[in-house]
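Report on the following structure.
Predicted model, so just to flag it, every value in this text is computed and none were measured. A, B, ... follow the sequence lines: proteins, then strands. Residue 1 opens every chain.
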Amino acid sequence: MEFHQNICPRNCYDTCSIISTTHNGVLISVEGNPAHEYTLGKLCPKALDDVKKVYSPQRIRYPMRQQVRYSGFWERISWDEALTLIAEKILNLEETYGTTLPLALNKYSGNFGILHNAMEGLFTGIGATTRAIGSPCWSAGVEAQTLDFGTFFCSDPLDMSKAKLIWLWGVNPAWTAVHQMPIIFDAIDHGAKVVCFDTHFSATAARAHRYVKVCPGTDGLLALGFAKVLLEEGLIDPNLGSYTFGHEEFIHYIETEISLDHCSEITGVPISTIRNLAIEYGQTHPACIWAGFGLQRYTNGGQTLRAIDALGALAGHLGEEGGGVQYAQFETWRFSGAIQDPFHPINSSSNADQASVDNLTLNQKQTDRLLNINQFAEEAFNCTDPPVKMLWISGRNPLSQDGNLQQWKKLISQLDLIVVSDLFHSKSSEAADLFLPITTHYEHWDLNSSYWHYWVGVNEPAIPPVGESRSDLQIAWDVSSKLNKLKPGSCAFPISGDEKETLLRELGPPMLDILGIKKAEDLLNGPVRAKYPRTAWENRTFATPSRRYEFFSSRASDAHLSPLPIFIPPLNSSIDAPLRLLTPHHHSTINSQVYATGTANPDYVLHLAPELAQRYDLAVGDRAQIWNESGLLEVVIQPILGISNDVVIVFQEQVEGPLTDMGQLTLGARGFALNETFVNLRKL
Amino acid sequence: MSKQLGFLHNSEKCVGCRGCEIACKNEYQIEATPQWRKVFQLHEDDFSLPTRMFFSMACNHCAHPECLRVCPVKAYTKREDGIVIHDPNRCIGCRLCTMACPYDRPQINPAKKKVEKCNLCYQRIDQGEKPACVTACIPGALELVEINDSLDQKTGILKTLPGLPSPKITSPSIRFIGPKQGKQIRRD
Ligand code: SF4
Ligand code: SF4
Ligand code: SF4
């Protein structure tokens with residue numbers, strides 16, 4: 001029996017540390033690492049199912065070629081044949097068009113491992129290419145917190161157990177961060193009170209002392225309403241002057257612009273409730289607010305987060321042990337970025353903002369053609385100078401829904417070569433010419449950080465690659481090697497290397513410093529917690545230009561935003577699309593296509609209030625359609641209690657890829673304001 | 001019988017993640033169909049407000065096991081510590097027990113054409129370990145306990161939940177901490 005250290009790479013708050021057991025080179029079990037203070041030896045069912053996924057009979061083990069798209073006749077080919085096909089096509093396109101722009105990459109980071117960025121590195125090494133760019137689901141909130149605090153930072157998740165009052169605002173940890181639940185229960189056992197604010201009655205809300213239903217997109221106004229009560233009741237931190245900037249302006253705004261009547265009317269929360277909750281929040285120390293990603297998937301999302309931050313500041317909860325306003329963090333993502341940038345392989349000053357779109361190298365910004373991942377098929381089809389001729393789909397399944405299939409069909413018919421790299425066949429691979437089998441995190445080296453806790457760790461291979469599967473990094477080297485063999489100098493990405501060495505190079509001096517280790521190899525011994533204080537902003541010195549918490553941000557006004565957090569109403573429904581569609585996460589899967597076994601139930605379940613169902617003459621199990629000007633989706637009806645009559649919910653349960661399936665419907669939404677999608681409903 | 005082991009399940013803490021279900025399957029490498037342990041959602045209609053509550057149930061190692069009573073080949077035995085063991089080697093797959101169990105926990109394995117069920121991880125218990133499902137539960141909602149009067153006298157310990165068969169039939173060795181309903185502020 002041998003044991004190995006692995007890390008769950010899913011896009012999840014918890015980023016669990018895993019101990020895998022192998023016997024004669026076969027993975028036999030996975031368990032949570034008991035030495036990891038957040039995982040505490042326990043894994044969620046997604047990870048517990050990993051052994052089955054690794055050896056699933058459906059997993060593709062060899063490179064495959066489909067001579068006729070959609071025929072389903074896949075023949076096994078060798079890696080050399082596959083790589084030759086790819087490299088020859090790339091070189092041929094470059095020759096025909098005089099540029100590599102016809103080459104497109106459509107990749108979503110469902111796997112958050114750092115070495116998976118090799119694919120971007122490969123494309124950068126080839127030259128200017130076409131890229132699908134998806135804004136991460138949290139960017140508005142990141143921006144907001146950066147304006148207020150100066151950087152994106154939260155308290156250690158364990159700190160929450162010390163709170164006397166916990167406000168869970170738009171988060172549903174019971175489903176999306178299960179490891180936080182025992183910490184919250186701990187706080188409850190020590191007498192803490194938990195209040196949950198959400199648009200719908202979630203599994204977390206059911207376990208809170210109080211659930212407050214807030215009309216979608218109005219959370220910012222609610223926060224400002226609470227602030228108003230704090231002012232009226234004299235519950236403002238008397239020391240604000242010493243560590244914040246612009247509190248007078250903010251107070252003036254609240255006094256003159258915010259009325260509780262209006263606040264109550266818009267948010268749907270009764271005035272007496274606003275008053276009682278605000279007083280409790282102002283009087284209880286420590287009090288912690290945890291703000292979820294869902295809050296800022298509105299056009300006013302950034303303002304909402306800023307208003308909540310300001311509320312925490314006003315009441316004096318910032319820097320308080322067990323208090324504060326928690327959202328997420330990027331501080332443990334200061335990797336060197338060498339892998340993504342073959343032109344500057346040791347670029348240790350790279351942006352910490354690893355998961356964000358802003359992290360494009362200068363080279364890319366100048367030359368790459370960037371397409372919106374949400375409207376990829378349409379935009380790629382409309383590219384003419386030069387057209388898109390080759391598409392590489394990695395770690396996602398954009399073709400899974402009929403709604404946008406027409407656009408995809410048009411695009412596909414103009415493509416010379418479609419490559420899919422994945423674990424399993426999917427709707428997308430039906431259209432592909434080549435399928436490249438990739439490894440799971442039990443078969444390759446990787447490096448992982450969390451955006452919630454402060455542990456960073458190395459993922460080591462426990463077993464050799466299953467079948468002939470290869471890691472993304474290996475595939476990137478192989479493609480580069482083939483390109484350079486056929487035409488020397490045609491790709492700047494390395495042609496070979498060592499996975500372990502490559503990962504160690506990602507740990508530049510800033511990371512070593514953060515982790516408090518002397519050399520990168522030290523991380524091979526096990527995950528390390530970054531040397532940050534447990535409580536964010538404990539000495540109330542901030543990273544803003546003024547070194548203070550900024551109620552008033554001149555950087556915001558420089559960016560043509562309001563310098564103060566203000567309420568901007570969310571979008572409204574219309575007669576054509578009267579219902580707001582929400583798409584929160586469900587616990588059974590997280591949006592990482594790579595780990596879907598392809599057997600998921602193909603029906604989308606639409607949850608709605610019984611009363612609303614009745615209005616549309618719908619009963620449980622009925623088939624119906626939701627649609628708007630951008631697309632339509634067939635659904636099965638499931639009435640549930642506890643949602644309002646103007647909202648319908650499809651949990652991202654079997655939704656493969658967060659935006660794509662909903663893509664057609666959400667096109668009307670501005671930017672990536674997912675929760676600002678409005679639909680109509682009809683019975684089928 | 002000197003004691004009776006059983007489960008204590010806390011619906012307040014259980015988030016319905018099914019970790020216990022999968023941990024059990026992993027431990028015994030069981031196929032998809034027999035579900036020794038299963039997580040159920042409590043019927044919302046049984047409460048005045050929406051609940052979003054779950055409970056997890058395997059074999060209840062009942063004090064008066066119906067499965068044991070009806071089995072024609074004595075495949076069932078009850079240990080000193082109360083664990084009800086099913087021996088697949090004796091089992092002839094007649095399914096009498098699956099019909100007799102009010103909780104539907106002995107399950108037929110279609111491939112083997114025999115019944116299977118939770119044996120309370122007795123081999124782990126004998127080594128001083130906790131059952132696999134209990135170990136896996138992240139929020140600590142599922143516990144291994146000794147069922148006795150002092151447990152039943154504690155406040156908040158329930159013998160059954162709405163929708164479950166009457167415990168009078170078999171005296172199941174499971175106790176519940178039921179949903180406490182918080183205050184819900186809604187305007188609809
Ligand atoms: S999906 Fe999240 S909770 Fe589950 S094992 Fe992975 S990191 Fe942990
Ligand atoms: S593992 Fe625990 S929380 Fe999850 S379903 Fe089972 S009992 Fe409930
Ligand atoms: S006690 Fe063991 S056998 Fe019974 S349900 Fe739990 S894990 Fe399965």
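- Sorted by first and then second residue, the pairs that involve residues 55-76 of chain B and meet ring pair (Phe, Tyr, Trp, His ring centres under 6.0 Å), not counting sequence neighbours, are Phe40(B)-Phe55(B), Tyr76(B)-His86(B).
- The environment of Tyr122(B) atom OH is sparse: at most 12 non-hydrogen atoms of other residues, nucleotides or ligands sit within 6.0 angstrom.
- Your options are Ala23(B), Cys20(B), Cys137(B), and the one with the most heavy-atom pairs under 4.5 Å with chain A is Cys137(B).
- Of all heavy-atom pairs between Pro45(A) and Cys17(B), the closest is CG-O, 2.7 Å.
- Within a 6.0 Å sphere centred on NZ of Lys52(A), heavy atoms belonging to other residues, nucleotides or ligands number more than 12.
- For the pair Ser29(A) and Asn26(B), the minimum side-chain heavy-atom distance is 4.5 Å or more.
- Crowding of Gln614(A) atom CD: a count of heavy atoms from other residues, nucleotides or ligands under 6.0 Å not exceeding 12.
- Judged by distance alone, with hydrogens and angles left aside, the side-chain atoms of Arg207(A) form no donor-acceptor pair with the main-chain N or O of Pro179(B) at under 3.5 Å.
- Summarising the geometry of Gln184(B) relative to Phe201(A), their closest heavy-atom pair is NE2-CZ, 3.0 Å, with the distance given to 0.1 Å.
- Here the shortest heavy-atom pairing between Val134(B) and Lys42(A) reads O-NZ, 4.0 Å.
- For residues 31-41 of chain A, an interface with chain B (any heavy-atom pair closer than 4.5 Å) does not exist.
- What you find for Pro182(A) and Ile138(B) is that their closest heavy atoms are CG-O, 3.5 Å.
- With rounding to the nearest 0.5 angstrom, the NZ atom of Lys25(B) is 13.0 Å from the CG atom of Leu48(A).
- At most 12 non-hydrogen atoms from other residues, nucleotides or ligands lie less than 6.0 angstrom from CZ of Arg95(B).
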